[in-house]
Structures are given as structure tokens and as C-alpha cells.
Amino acid sequence: MTDKKRVLSGMQTTGKLHLGNLLGALNNWVSMQDEFECYYFAADWHTLATSYEDTNDLADNLADLGVNWLSAGLDPGKSVLFVQSLVPEHAVLHLLLSMLTPISWLERVPSYKEKLQQVVNKDLSMYGFLGYPVLQAADIVIYKAHFVPVGIDQLPHLELTREIVRRFHDTYKRKVFIEPEGKMSEVPKLPGVDGRKMSKSYGNAIYLSDSSKEMKTKILNIVTDPARVRKTDPGDPEKCVAYSFHKVFSPDDENELTIKECKSAGRGCVDCKKFLSVNIFKYLEPILEKRAYWEQRPKEVYDILKAGSEKARKVAKQTLAEAEDAIGFSYSKKLLG
Ligand code: TRP
């Protein structure tokens with residue numbers, strides 16, 4: 001047994017991982033592995049909530065996620081790495097929690113309202129999509145997680161999770177779960193190559209799976225200070241997207257020089273981005289090397305996820321049994337053993 005606090009988080013299997021995902025979520029996950037008992041999973045059922053019609057890439061995307069996790073430094077010797085759909089207890093708890101979750105709570109979740117309006121190319125007026133946060137609540141509480149590292153957009157889901165936990169405890173007069181807390185990290189802000197948020201849907205992302213040639217081209221196309229038209233015009237680094245990348249990937253002393261040479265028009269933007277490219281590659285090199293390694297070993301990646309799922313399942317089964325007992329299904333254990 002360990003007295004470390006437990007951390008849980010999940011990532012949808014929506015496809016290629018980009019640098020924003022690496023810096024925003026994955027590095028944070030990696031950094032928690034020593035201090036906490038970490039459970040990290042591929043939320044493949046959650047992927048279905050918005051991609052139920054298009055499931056051709058489900059298996060490939062899971063494999064790729066596993067490769068990226070291991071390459072970024074998630075360590076199956078430290079953390080439990082697993083797959084949601086291999087732990088069906090999540091679905092049973094989701095059902096039980098759904099019985100005491102008012103529809104009005106779900107309808108006021110901001111991400112639900114926004115996506116319903118914004119996503120026009122598919123029909124999201126589905127039961128599963130409305131219940132997405134209830135499944136997320138089940139994911140979290142079935143491991144009695146104390147902390148959930150997530151982005152700000154997920155905080156309403158955590159608040160809802162706490163409300164569902166309180167309602168369960170009030171209703172069945174027994175404390176089975178833990179009210180989880182969000183854990184925000186100090187993440188460096190990395191925009192997309194055009195300056196908007198880095199996102200698959202904007203076409204402005206640099207992917208870990210890009211070839212080095214593709215990456216270089218993308219880096220050289222990062223938007224710079226629009227007011228700096230000619231090389232002889234002085235620029236403003238604070239208005240330059242490439243400089244936001246420098247801040248994340250280049251050493252401080254180099255950045256001081258970059259600011260000076262940009263403001264005095266001493267260095268052109270193309271040269272500046274060539275320096276940037278060198279630094280980004282230096283940063284990514286160990287990760288890309290590991291990617292090349294794991295990509296050749298899909299069977300091992302699957303085995304790691306399978307073993308993690310078996311471990312997770314033991315914990316999930318135990319909590320589910322406690323929840324069923326609290327509700328009154330005391331006979332299920334007796335009848336099924
Ligand atoms: N909703 C999360 C996202 O889109 C993924 C997720 C599913 C999750 N279940 C979770 C995150 C449980 C944290 C905990 O990013």
C-alpha cells in the first residue's frame with residue numbers, strides 16, 4: 001500500500017498528438033508520476049460521444065496515443081496506463097450515477113452548450129453526448145482520485161463530479177467516493193503556427209508524428225510581427241508568434257539576443273526561425289527517438305495498456321462493489337460471488 005495521493009486523468013483518442021497537447025497536458029502528467037499514484041487512461045468511449053459515426057481510426061488512434069505516452073515519458077513502472085473500454089466497470093458506475101443526475105445539471109455544462117451550437121457537421125443531440133460528464137465522473141470516482149490534472153475547460157466537469165458525489169452520499173447515507181479536485185499546472189502557452197490556439201481543427205498544429213521535413217516547413221511558416229514587412233524594419237517580439245515559441249523552446253540568454261536583434265532589425269525573421277527550429281528539434285529529439293522505437297513495437301505497447309487495464313480493473317471492481325452495496329444491491333455479490 002502507498003500513502004501517496006491518487007491522481008487520475010484521461011485523454012480522448014481523437015488522433016495525432018500536437019505540441020500543444022505535449023506541453024499542455026502530457027508533460028504535466030509525466031511530472032506527477034513520482035509524487036502521486038497516477039492512473040492515466042485513453043478515454044475511447046468519450047471519443048465516441050462526438051465521433052460515433054466515424055470509428056475507422058479508433059484502433060490506430062489508440063495505438064498512436066500509447067506510443068506518444070511512452071515517448072513523452074509516461075512510465076508503466078510508475079503509473080497505471082490503461083484503456084477505458086477495457087474496464088467495463090466505468091460503464092456500470094456511469095449507469096448508476098446517471099440515475100441520480102438531474103438533466104438540468106447536464107444541460108447547463110458550458111462545453112455541452114457550446115459544442116451543440118458550434119459543431120454543425122454532426123448531430124450531437126444524443127443521449128450519450130449529454131451524459132458525457134457523468135461518464136467522466138464515473139471515470140474519476142471509481143478510482144477515488146484526489147486530484148485530476150485537466151485544462152480550465154474541464155473544470156465544470158469536475159464541479160459536476162463533486163455534485164454527483166455529494167448527491168450519492170446524501171441519497172445512500174454512505175461515503176463511498178472522494179470529491180476530486182482539479183489540478184491546474186503552470187503550463188507555457190504555446191499558440192498554433194498562425195497565432196490562434198493550437199488545434200487540430202484550425203490546421204495550425206505541429207504534430208509529434210510530422211516528419212522532420214514537415215516540422216521544419218511548419219516552423220519556417222510561423223507567423224511573425226505583421227508590421228515588420230522588410231528585413232530592415234525593426235520588429236516587436238511581443239507581436240511575433242515565432243517569439244512565443246522561442247519563449248518555450250529557446251534558452252533565456254538566446255532570447256535576450258533575439259529581442260535585441262529583432263528590435264534593431266539586426267536579424268531577419270527567416271534566420272530567427274532557423275534558430276528556433278534548431279531549439280525545437282533539440283527539445284523534441286529524445287521524444288522523437290523514443291517514438292521511432294515504440295512505433296516499431298505495437299505489440300509491446302498493447303501489452304502495456306492491457307496490463308495497466310487489468311490493474312485498474314481490480315481497483316474499479318472494488319469501488320463498484322462498495323457503491324452497489326451502498327445503493328442496496330447487497331445480493332449482487334452474494335449471487336455472483
Ligand atoms: N473530457 C476529457 C477531455 O476531453 C477527457 C476525460 C474523460 C477525462 N474522462 C476523464 C479527463 C476523467 C480527466 C478525468 O480532455
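Both ligands and their constituent atoms are indexed starting at 1 by order of listing. Owing to the predicted nature of the structure, the values given are computational and were not obtained by experimental measurement. Just so you know, residue 1 is the first one in the sequence shown, and it goes up from there.
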message: Residue-level breakdown please: for Gln12 versus ligand 1, do any non-hydrogen atoms fall below 4.0 Å on the side chain, on the backbone, on both, or on neither?
response: side chain
- prompt: For ligand 1, which atoms sit closer than 4.0 Å to a heavy atom of Val148?
  reply: 13 (C), 14 (C)
- prompt: Which residue owns the protein heavy atom closest to atom 7 (C) of ligand 1, what's the atom, and how far is it?
  reply: His46 ND1, 3.2 Å
task: Taking only Lys NZ, Arg NE, NH1 and NH2, and the carboxylate oxygens of Asp or Glu, determine whether Glu181 and Lys5 approach each other closer than 4.0 Å.
output: no
message: Students should be able to answer this: which protein heavy-atom is nearest to atom 5 (C) of ligand 1, and at what distance?
response: Gly10 O, 3.6 Å
- prompt: Hey, which of Tyr143, Tyr302, Tyr40 is the one that makes ring pair (Phe, Tyr, Trp, His ring centres under 6.0 Å) with Phe82?
  reply: Tyr143
- request: Heavy-atom distances under 4.0 Å are what count here, so tell me which part of Val150 touches ligand 1: side chain, backbone, both or neither.
  value: side chain
- line: Checking Asn21, Leu22, Val67 against Leu208 for side-chain contact (heavy atoms from CB on, under 4.5 Å), the one that qualifies is Leu22
Carboxylate-amine/guanidinium contact Asp325 Arg174, below 4.0 Å: yes
- prompt: Between Lys216 and Phe281, is NZ or CZ placed under 6.0 angstrom from the six-membered ring centre and within 45° of the ring axis?
  reply: yes
task: Do me a favour and list the nearest non-hydrogen protein atom to atom 9 (N) of ligand 1 with residue, atom name and distance?
output: Asp139 OD2, 2.7 Å
- prompt: So, is Tyr132 polar-close to ligand 1, with some N/O to N/O distance under 3.5 Å?
  reply: yes
- prompt: Hey, are Asp64 and Arg291 close enough for a salt bridge, meaning a charged N less than 4.0 Å from a carboxylate O?
  reply: yes
- prompt: Side chain, backbone, both or neither: which part of Phe41 comes within less than 4.0 Å of ligand 1 when only heavy atoms are counted?
  reply: side chain
field: Aromatic ring pairing Trp45/His90, orientation class (parallel under 30°, perpendicular over 60°, tilted between)
entry: perpendicular
field: Nearest-contact summary for atom 3 (C) of ligand 1 - protein heavy atom, Å
entry: Gln154 NE2, 3.5 Å
query: Counting from 1, what ligand 1 atoms have a heavy atom of Leu8 closer than 4.0 Å?
result: 12 (C), 14 (C)
message: Looking at every non-hydrogen atom in both residues, tell me the closest pair between Val270 and Leu220 and how far apart they are.
response: O-CD2, 4.2 Å
task: To the nearest 0.5 angstrom, please state how far the NZ atom of Lys317 sits from the CD1 atom of Ile142.
output: 11.0 Å
field: Which of the ligand 1 atoms, numbered from 1, are nearer than 4.0 Å to a heavy atom of Ile140
entry: 12 (C), 14 (C)
field: Identity and distance of the protein heavy atom lying nearest atom 12 (C) of ligand 1
entry: Gln136 CG, 3.6 Å
- line: A student checking ligand 1 against Ala43 at a 4.0 Å heavy-atom cut-off should list atoms 7 (C)
